[in-house]
Amino acid sequence: MARPLHRGASGGGRFSGNSHGFWDDSQMKERTEKEDLDRIRSSDNTYFSFRFPFRFLFLDNSSAKNGLSDNGFASDPFNAGTLRSRHKLTLLFLKFSLVIIVFLALVGSFWWTVSITSSSRGHIFRGYRHIQEQLVSDLWDIGELSLGSARLKEFEFCPQELENYVPCFNATENFALGFSEGKENDRHCGQGSRQNCLVLPPVNYKVPLRWPTGKDVIWVANVKITAQEVLSSGSLTKRMMMLEEQQISFRSASLMFDGVEDYSHQIAEMIGLRNESNFIQVGVRTILDIGCGYGSFGAHLFSKQLLTMCIANYEASGSQVQLNLERGLPAMISSFTLKQLPYPSLSFDMVHCARCGIDWDQKEGIYLIEADRVLRPGGYFVWTSPLTNSQASLRNKENQKRWNFVRNFAESLCWDMLSQQDETVVWKKTSKKSCYGSRKSGSNPSICSKGHDVESPYYRPLESCIGGTQSRRWIPIEGRPTWPSRAKPNSKGLAIYGVSPEDFAEDDVNWNSAVRNYWSLLSPLIFSDHPKRPGDEDPSPPYNMLRNVLDMNAHFGGFNSALLVGGKSVWVMNVVPTSGPNTLPLIFDRGFVGVLHDWCEAFPTYPRTYDMVHANGLLSLETDQQRRCSMLDLFSEIDRLLRPEGWVILRDTASLLEIARALATRLKWDARVVEIESNSVERLLICQKPFFKKQAN
């Protein structure tokens with residue numbers, strides 16, 4: 001009978017039944033090998049019991065490490081009947097381990113929260129912000145490097161024909177877009193209206209003379225004007241200008257009857273004042289001068305602490321706005337043709353038009369309605385025109401008809417005619433809203449509904465209804481604090497704008513400190529020809545290099561206020577971005593001037609306008625928005641606005657300023673980042689635009 005097969009460690013074979021000797025030896029050998037195997041198995045089990053105490057959780061039926069059966073196959077310490085129990089134990093152990101981990105995490109988090117102090121939390125937050133900013137900066141660097149050297153190359157210079165380039169006011173381009181009947185000269189900001197190149201100054205351009213000398217003398221080469229345009233500039237200005245070989249001299253004080261001093265004195269007397277020095281006493285501080293000529297009216301009144309904003313149409317040559325800005329006087333391009341002015345309702349104490357070129361009787365008086373909108377209750381409208389000369393009008397029926405229309409329409413606006421002398425008429429706007437209700441039934445113009453009475457319109461179409469009556473700011477000028485007290489509104493006044501006295505006071509203190517720091521940094525550079533220690537008093541004129549200042553994100557106007565408190569002989573264009581909170585009404589009511597603006601569009605002014613451009617938090621504000629323009633577009637526009645050797649001060653987060661510094665390099669600016677405080681996430685970027693001279697042909 002054949003024996004069954006045995007497959008052991010010795011690997012057995014198949015034998016006949018009479019082989020007894022060999023079987024006995026094989027049996028003995030098998031017992032010996034089995035004992036050795038048991039000893040090895042025992043030692044292996046001991047080894048695994050120390051190194052893997054939970055090994056039973058991971059064994060399976062195929063494991064060959066836990067022992068061998070008598071027939072030589074690998075055996076399992078758990079038989080098939082206990083497989084389900086083993087899986088349950090595994091899941092139970094995993095759940096238990098998870099509970100322990102969660103418990104330990106909660107206890108650790110609680111202990112960390114209790115132990116950490118408010119000071120250390122601040123350090124951690126700042127550390128997190130620093131890491132976040134560094135990440136943004138690193139990503140920017142990686143992006144720039146990935147784009148290659150072409151992306152980092154410096155800007156090219158614009159062609160010579162763009163030396164007075166003003167985007168959005170390209171008459172040829174606007175005409176090609178279908179604008180006509182005078183609309184081609186209006187503001188149209190479309191795609192492609194901006195060119196990212198550096199606008200060079202004219203061939204013989206010179207840095208403007210310092211204030212106040214520069215108010216009365218400018219370099220001819222700095223503006224685009226011909227001798228003929230100087231001689232035909234109007235009766236109020238041509239006899240106050242002298243064209244010399246390289247300069248234009250303005251004589252704001254004249255012995256002539258129609259000199260600007262006599263003219264200003266006449267207006268004061270028509271209001272009932274002794275002279276123009278008393279304008280402030282009746283609440284006049286800000287004046288809108290429409291079609292301002294070459295700015296002699298505003299230049300004269302500046303010495304009386306009055307602030308005059310000049311507006312005029314875009315002019316390719318002989319620009320009124322360009323000459324005013326060159327003299328260091330507030331001005332901007334703006335037009336009554338189609339749209340409302342970018343100023344809040346009830347913003348100016350006086351509106352002045354001396355042969356300004358506006359036909360007030362046209363379009364059913366809609367231009368007078370817009371003038372009324374920006375005029376404060378109790379404010380004055382001054383109009384000088386041959387049309388108002390009653391004796392001349394009697395000889396011309398058409399002129400008499402036009403004059404009668406303006407006079408009757410002014411009455412329907414609740415304007416009271418105070419006086420009429422020669423060619424000048426002065427009206428006073430009503431201080432009482434009840435006047436509009438006392439008009440005859442069906443009188444025009446009507447009062448604007450709430451939906452049409454927008455307090456701060458941004459180039460909206462002209463309205464044919466009376467605006468401003470819905471505003472909480474309807475306060476007669478005689479009821480407002482006079483200048484300079486107006487610059488510091490009280491808690492009741494601030495409540496109108498939703499601003500707390502604490503926030504306003506903190507803003508005021510911070511800006512006074514910031515301006516002192518700015519001047520400490522800039523004084524050794526700005527006044528390099530007049531050495532002084534940082535922190536000392538500024539040298540007296542004519543050593544003041546700065547005059548025209550642009551604040552691109554003005555907030556409450558604190559920067560403007562601090563400059564005046566510090567005795568700086570500057571004026572500030574306070575810009576409130578359309579992408580942020582509208583604080584422009586507060587700025588105007590403080591006695592400053594400004595404008596709403598979308599920084600994805602070109603600013604309405606000529607190249608080389610400002611001595612300093614300042615922006616606090618603008619980069620953060622703009623990057624938070626879904627913008628249709630880039631930071632590069634913004635910086636190329638700043639370069640267009642900035643005069644050669646002009647300054648840029650940007651205050652923002654460190655990461656954004658590192659990006660800005662890279663862009664400044666592409667614009668050929670000298671730039672450096674300055675740390676404000678050791679524990680602050682903000683930095684200063686201070687830049688200066690070089691003076692690149694174009695060679696004459």
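All figures in this text were calculated on a predicted structure; none of them were measured in a lab.
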Counting distance only, does the side-chain N/O of [X] pair as donor-acceptor with the main-chain N or O of [Y] below 3.5 Å?
X: N222; Y: K206; value: yes
X: T308; Y: I287; value: no
X: N548; Y: D611; value: no
X: D289; Y: G295; value: no
X: D422; Y: T424; value: no

### Task
Scan residues 325-359 for pairs that pass disulfide (SG to SG under 2.5 Å), counting only residues two or more places apart or in two chains.
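Sorted pair list: C353-C356.
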### Task
Carefully, step by step, assess E601 and R187 under the rule salt bridge (Lys or Arg N to Asp or Glu O under 4.0 Å).
CA-CA 11 Å; E601 300 173 349; R187 177 181 180 274; 2.3 Å; yes
As an exercise, state the distance from [atom1] of [X] to [atom2] of [Y], rounded to the nearest 0.5 Å.
X: R608; Y: L641; atom1: CZ; atom2: CG; value: 11.0 Å
X: Q247; Y: I218; atom1: CD; atom2: CD1; value: 9.5 Å
X: N399; Y: L387; atom1: CG; atom2: CG; value: 5.0 Å
X: Q320; Y: N313; atom1: CD; atom2: CG; value: 8.0 Å
X: W360; Y: I290; atom1: CH2; atom2: CD1; value: 4.0 Å
X: H597; Y: S579; atom1: NE2; atom2: OG; value: 10.5 Å

Sort and list the pairs that fulfil salt bridge (Lys or Arg N to Asp or Glu O under 4.0 Å) and have at least one residue in [range], not counting sequence neighbours.
range: residues 263-285; result: none
range: residues 426-439; result: D372-K429, K428-E478
range: residues 378-389; result: none

### Message
Other residues, nucleotides and ligands only: do more than 12 of their heavy atoms fall within 6.0 Å of CD on E364?
### Response
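Not more than 12 within 6.0 Å, no.
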### Task
Could you tell me whether Q421 atom CD has more than 12 heavy atoms of other residues or ligands within 6.0 Å of it?
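Yes - once you tally the heavy atoms of other residues, nucleotides and ligands closer than 6.0 Å, there are more than 12.
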### Task
Heavy atoms only: give me the nearest V593-N574 pair and the separation to one decimal.
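Heavy-atom minimum between the residues: O-ND2, 2.9 Å.
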### Task
Give the minimum heavy-atom separation between G591 and L307, together with the two atoms involved.
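Shortest heavy-atom contact: O-CD2, 4.0 Å.
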### Task
Go through the structure and list residues passing side-chain hydrogen bond (donor to acceptor under 3.5 Å, both in side chains) with Y436, not counting sequence neighbours.
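So Y436 forms no side-chain hydrogen bond (donor to acceptor under 3.5 Å, both in side chains) with any residue.
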### Task
Would you check if the distance from the ring center of Y497 to the ring center of F556 is below 6.0 Å?
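No, too far apart.
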Consider only side-chain N and O atoms of [X] and [Y], and report whether a donor and an acceptor are under 3.5 Å apart.
X: R407; Y: N404; result: yes
X: E455; Y: N582; result: no
X: D416; Y: W427; result: no

### Task
Go through the structure and list residues passing side chain to side chain contact (heavy atoms under 4.5 Å, CB included) with D361, not counting sequence neighbours.
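Scan of D361 (side chain to side chain contact (heavy atoms under 4.5 Å, CB included), adjacent residues dropped) gives D359, R402, F405, V406.
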### Task
Kindly indicate whether a cation-pi arrangement holds for R547 with F302, taking the cut-offs as under 6.0 Å to the six-membered ring centre and within 45° of the axis.
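Verdict for F302: a cation-pi partner in R547.
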### Query
Does K401 come within less than 4.0 Å of E398, counting only side-chain N to carboxylate O?
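Not counted as a salt bridge, because no side-chain N and carboxylate O are separated by less than 4.0 Å.
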Report yes if some heavy atom in the side chain of [X] is under 4.5 Å from a heavy atom in the side chain of [Y]; otherwise report no.
X: W211; Y: V570; value: no
X: R355; Y: E423; value: yes
X: P342; Y: M332; value: yes
X: Q340; Y: Y459; value: no

### Query
Can you name the one residue among F381, Y263, W383, Y380 that meets ring-ring contact (aromatic ring centres under 6.0 Å, His included) with H352?
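That would be Y263; it is the only one of F381, Y263, W383, Y380 passing the ring-ring contact (aromatic ring centres under 6.0 Å, His included) with H352.
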